[in-house]
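Quick notes on the structure that follows.
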Amino acid sequence: MKIATWNVNSLRARADRVEDWLRRTDVDVLAIQETKCKDENFPWEMFENNGYEVAHFGFSQWNGVAIASRVGLDDVERTFAAQPAFGKDDKDPIQEARAIAATCNGVRVWSLYVPNGRSLSDPHMPYKISWLAALKEHAVSGLSSDSAAQIALMGDWNIAPRDEDVWDIDYFLNEGLTHVSAPERAAFHAFEAAGFTDVVRPFTPGPGVYTYWDYTQLRFPKKQGMRIDFILASAALAARVTGAAIDREERKGKGASDHAPVVVELG
DNA sequence: ATGGTCGCGGAGCGA
């Protein structure tokens with residue numbers, strides 16, 4: 001079985017590209033982030049025509065997550081317990097469309113779009129940290145009730161946990177940029193301490209291996225990217241992993257997402 | 001191996 005995650009940066013703008021990719025790669029489960037649409041604009045037929053069931057969680061042009069599967073899609077869960085709400089200025093805080101889960105052939109799959117943080121001093125940053133803490137508690141509860149649970153936490157984590165996960169760590173630190181700060185990294189490492197491991201890195205060692213390249217500043221041709229999309233697996237799932245890859249080719253050409261798909265093969 | 005961003009929505013925000 002092959003499972004994958006991909007921040008597509010608008011599913012409507014990328015539907016043809018996603019369809020081509022599904023046909024080419026033959027993945028069984030795809031966790032999608034940034035669908036950027038409501039249900040009424042979701043390309044349901046594209047998935048059905050290719051043999052995938054799909055569950056979507058999106059209610060505006062922002063965020064939006066989905067899971068497509070051709071090996072079953074059961075017990076769909078939208079948001080997680082105690083997921084923090086966020087609202088800017090005078091707007092009422094809401095639980096944003098950043099998390100959806102489903103059970104696919106025995107694996108509890110999460111499609112996650114972690115808040116960006118925006119800047120170190122922005123209210124979005126404490127939101128990001130508390131969002132991750134609540135997600136970790138929820139993931140841990142899934143393991144405490146069943147230590148053999150196969151759980152895949154997949155998505156755009158918006159964190160570069162190691163210095164080699166950005167093209168120039170000094171640039172990020174000197175500019176005071178997000179994604180590399182100590183609190184963000186601590187929030188990520190808490191998942192590892194809780195028993196979830198990055199099952200992709202062993203098959204895609206760095207430095208210079210990334211999953212995201214900003215559209216601006218010619219970041220992709222200059223090979224200036226960031227590794228911020230991860231598949232974290234519980235122990236029982238990690239034991240099944242036989243391979244992994246980052247599909248850098250998919251970042252090329254006109255109409256590409258700024259993120260590459262990340263794929264894990266299970267035995 | 002691209003071409004000094006892109007997507008949504010219809011201005012400006014978010015990434």
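So that the names make sense, note that chain A is the first sequence line, chain B the second, and so on, each numbered from 1.
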Measure from the side chain of [X], starting at C-beta and using heavy atoms only, and say which of [options] lies closest.
X       : options                  : answer
L218(A) : dC13(B), dC8(B), dG4(B)  : dG4(B)
E34(A)  : dG3(B), dC13(B), dA15(B) : dA15(B)
Q61(A)  : dA15(B), dG7(B), dC8(B)  : dC8(B)
K223(A) : dA1(B), dC8(B), dG14(B)  : dA1(B)
H124(A) : dC6(B), dC8(B), dA15(B)  : dA15(B)

Calculate the interatomic distance between [X] atom [atom1] and [N] atom [atom2]; express it in whole Å.
X       : N       : atom1 : atom2 : value
Y215(A) : dG14(B) : OH    : P     : 18 Å
K38(A)  : dG9(B)  : NZ    : P     : 7 Å
D229(A) : dA15(B) : CG    : P     : 15 Å
E96(A)  : dG14(B) : CD    : C1'   : 11 Å
N116(A) : dG14(B) : CG    : C1'   : 8 Å
H259(A) : dC6(B)  : NE2   : C1'   : 12 Å
R14(A)  : dG7(B)  : CZ    : P     : 5 Å
W213(A) : dG3(B)  : CH2   : C1'   : 18 Å

Checklist outcome for this item: Value for NE2 (H56(A)) from SG (C37(A)), rounded to nearest 0.5 Å, stands at 4.0 Å
Once you apply a heavy-atom cut-off of 4.0 Å, does [X] come out as touching a base, just sugar-phosphate, or nothing?
X       : result
R251(A) : nothing
R219(A) : nothing
Y212(A) : nothing
T216(A) : base
K254(A) : nothing

Could you measure between the two [atom1] atoms, the one in [N] and the one in [M], and give it in whole Å?
N      : M       : atom1 : value
dG3(B) : dC8(B)  : C1'   : 24 Å
dG9(B) : dG4(B)  : P     : 25 Å
dT5(B) : dG10(B) : P     : 25 Å

Checklist entry - With the threshold set at 4.0 Å, does a side-chain nitrogen-carboxylate oxygen contact exist between R227(A) and D165(A)? => result yes
Item to check | Cationic N near anionic O, under 4.0 Å, K38(A) to E40(A) | outcome: no
Next on the checklist: Quick check on DNA chain B: between P221(A) and N41(A), whose nearest nucleotide comes earlier from the 5' end?
Outcome noted: P221(A)
Item to check | Nearest-nucleotide comparison on DNA chain B, the residue closer to the 5′ end among N158(A) and A256(A) | outcome: A256(A)
Checklist entry - So does R118(A) get a side-chain nitrogen or oxygen closer than 4.0 Å to the phosphate oxygens (OP1/OP2) of dA15(B)? => result yes
Checklist entry - Quick one: is dC6(B) close enough that its OP1 or OP2 comes under 4.0 Å of any side-chain N or O from S10(A)? => result no
Item to check | Distance-only side-chain donor-acceptor flag, Q33(A) / S111(A), under 3.5 Å | outcome: yes
Next on the checklist: Taking the six-membered ring of F220(A) as reference, does the cationic atom of R251(A) (NZ for Lys, CZ for Arg) lie under 6.0 Å from its centre and within 45° of its axis?
Outcome noted: yes
Item to check | Parallel, tilted or perpendicular: rings of W44(A) and F42(A) (30°, 60°) | outcome: tilted
